[in-house]
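Before any comments, here is the structure.
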Amino acid sequence: MLKHLNLDEMVALLSPWVDDPKQRKVFLSIPEIAALHPRVVEAHEAVLAVQPSSGGTSSKMRALIDKSNEVDRCHDHLARAVSYGIDAHRELCLAEEPADSAGAARCELVQKKLFPSGLSILNASPLAEAGNTTRIARLLEDEPEIADFLRSVPARGKTSLLDIVKRWLGKGRELQTLERARTELEATETTTPVSRTTIQSARSQWFKIVSLVLSNLEMSRNPARDVEIVRGPVLRASGRAGKRYGSSKPEEAPPGEEATSPALDPSAPEPEAGNGDGVSDVP
């Protein structure tokens, strides 16, 4: 009764095989189905792509967001390293005997130019952070003495604060690229309608690979517990779906979704051979 599962159920059933580390490990440990995992991932992505939008996020968008969050995290740490490094150098200037007041004043000037609003920029949007690093890159070109100062301040190992600033600016450029990609993907996803054919194709792809996994598990010699971890949720969900739509015709899809053509449904019986006049050749 796989054909009676709705798209939400189809997504939920394959998510553990794809996203959960423990269940994915169990799946890959079973020789009879391990090689099918890439096709499982493809089928999962297919049904995700046609799943009706309810404020959810596509897998491609989630990947972009995750990447942007990681780049943003690194960007913020590098910005703090630069700011704190300038502050530390200022304190060392003031600790000299006599105090290096000119050096401390230079630190204050550079700090204000790089961080006119302090570290509040780190609470801004990724796009604003990217714009800020573009401003700083232009500042270093227009006022090379700032770059010279940063080059003179040691950082970690053999690097200088200028090296850290360059890494910081690089993360800003990455953020800008990711934000542009995110904007383009949002535009594509919101303006591309999901056709009936696309939904049928995704459902058919899911049916075929899940049916193949279940069939191969019948031949598995792995521990019964491992087989049940993979197979059990699918069988229970399909059983519930069969009872729920027990009165539905075979070609009917769950309410609210496009019907699945029998030709695309791998669980549908093969038609008998005929002679073209509608009469079976089988006696």
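Note: hydrogens, waters and symmetry copies are ignored here, and every other heavy atom, side chains too, is used. Because the structure is predicted, anything quoted here is derived from the model rather than measured.
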What's the shortest heavy-atom distance between [X] and [Y], and which atoms?
{"X": "Leu5", "Y": "Trp206", "value": "CD1-CH2, 3.5 Å"}
{"X": "Ala202", "Y": "Ala46", "value": "CB-O, 3.6 Å"}
{"X": "Leu14", "Y": "Val40", "value": "CD2-O, 3.7 Å"}
{"X": "Phe115", "Y": "Val82", "value": "CE1-CG1, 4.0 Å"}
{"X": "Ala128", "Y": "Ile121", "value": "O-CD1, 4.1 Å"}
{"X": "Pro233", "Y": "Glu228", "value": "CD-O, 3.7 Å"}

Going hydrophobic residue to hydrophobic residue with side-chain gaps under 4.5 angstrom, can you get from [X] over to [Y]?
{"X": "Leu119", "Y": "Leu127", "answer": "no"}
{"X": "Leu109", "Y": "Ile86", "answer": "no"}
{"X": "Leu7", "Y": "Trp17", "answer": "yes"}
{"X": "Ile33", "Y": "Met10", "answer": "yes"}
{"X": "Val234", "Y": "Val41", "answer": "yes"}

Has Ser83 got a side-chain atom pairing as donor or acceptor with Ala79's backbone, closer than 3.5 angstrom?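 Here the side-chain-to-backbone pair does not exist.
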Tell me, with the steps shown, if Glu218 and Val227 meet side-chain contact (heavy atoms from CB on, under 4.5 Å). CA-CA 9 Å; Glu218 293 294 333; Val227 172; over 6 Å; no
Are the charged groups of Lys67 and Glu70 less than 4.0 angstrom apart, N to O?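 Answer for the salt bridge query: no.
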Going by an N to O cut-off under 4.0 Å, is there a salt bridge joining Lys60 and Glu186? no
How many angstroms lie between atom [atom1] of [X] and atom [atom2] of [Y], to the nearest 0.5 angstrom?
{"X": "Lys112", "Y": "Cys107", "atom1": "NZ", "atom2": "SG", "answer": "12.5 Å"}
{"X": "Leu64", "Y": "Glu179", "atom1": "CG", "atom2": "CD", "answer": "9.0 Å"}
{"X": "Ile209", "Y": "Ser204", "atom1": "CD1", "atom2": "OG", "answer": "11.5 Å"}
{"X": "Asp8", "Y": "Leu13", "atom1": "CG", "atom2": "CG", "answer": "11.0 Å"}
{"X": "Asp226", "Y": "Arg231", "atom1": "CG", "atom2": "CZ", "answer": "11.5 Å"}
{"X": "Leu169", "Y": "Ile164", "atom1": "CG", "atom2": "CD1", "answer": "11.5 Å"}

Validation row: [X], [Y] side chains within 4.5 angstrom (heavy atoms):
{"X": "His4", "Y": "Ser238", "result": "no"}
{"X": "Val230", "Y": "Pro16", "result": "no"}
{"X": "Ser211", "Y": "Leu2", "result": "yes"}
{"X": "Arg173", "Y": "Thr133", "result": "no"}
{"X": "Leu214", "Y": "Leu235", "result": "yes"}
{"X": "Leu178", "Y": "Arg182", "result": "no"}
{"X": "Trp168", "Y": "Asn132", "result": "yes"}

Expected list for residues 138-153: side-chain donor-acceptor pairs under 3.5 angstrom, two or more places apart:
unit_1 : atom_1 : unit_2 : atom_2 : d
Glu143 : OE1    : Lys113 : NZ     : 2.6
Glu143 : OE2    : Lys113 : NZ     : 3.1
Asp148 : OD1    : Arg151 : NH1    : 2.9
Ser152 : OG     : Phe149 : O      : 2.5

For residues 20-42, which residue pairs qualify under side chain to side chain donor-acceptor pair (under 3.5 Å), counting only residues two or more places apart or in two chains?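 For residues 20-42: Glu32-Ser220.
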For the CZ atom on Arg135, are there more than 12 heavy atoms of other groups (residues, nucleotides or ligands in this structure) within a distance under 6.0 Å? yes
Quick one: side chains of residues 90-104, donor-acceptor pairs under 3.5 Å with protein atoms, not counting sequence neighbours, listed by atom name and distance.
unit_1 : atom_1 : unit_2 : atom_2 : d
Arg90  : NE     : Glu108 : OE2    : 2.8
Arg90  : NH2    : Glu108 : OE2    : 2.9
Asp100 : OD1    : Gly103 : N      : 2.9

Qualifying residue for side chain to side chain contact (heavy atoms under 4.5 Å, CB included) with Val11, from Asn6, Val50, Val18, Val47: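 With Val11 as partner, Asn6, Val50, Val18, Val47 yield a single side chain to side chain contact (heavy atoms under 4.5 Å, CB included), made by Val47.
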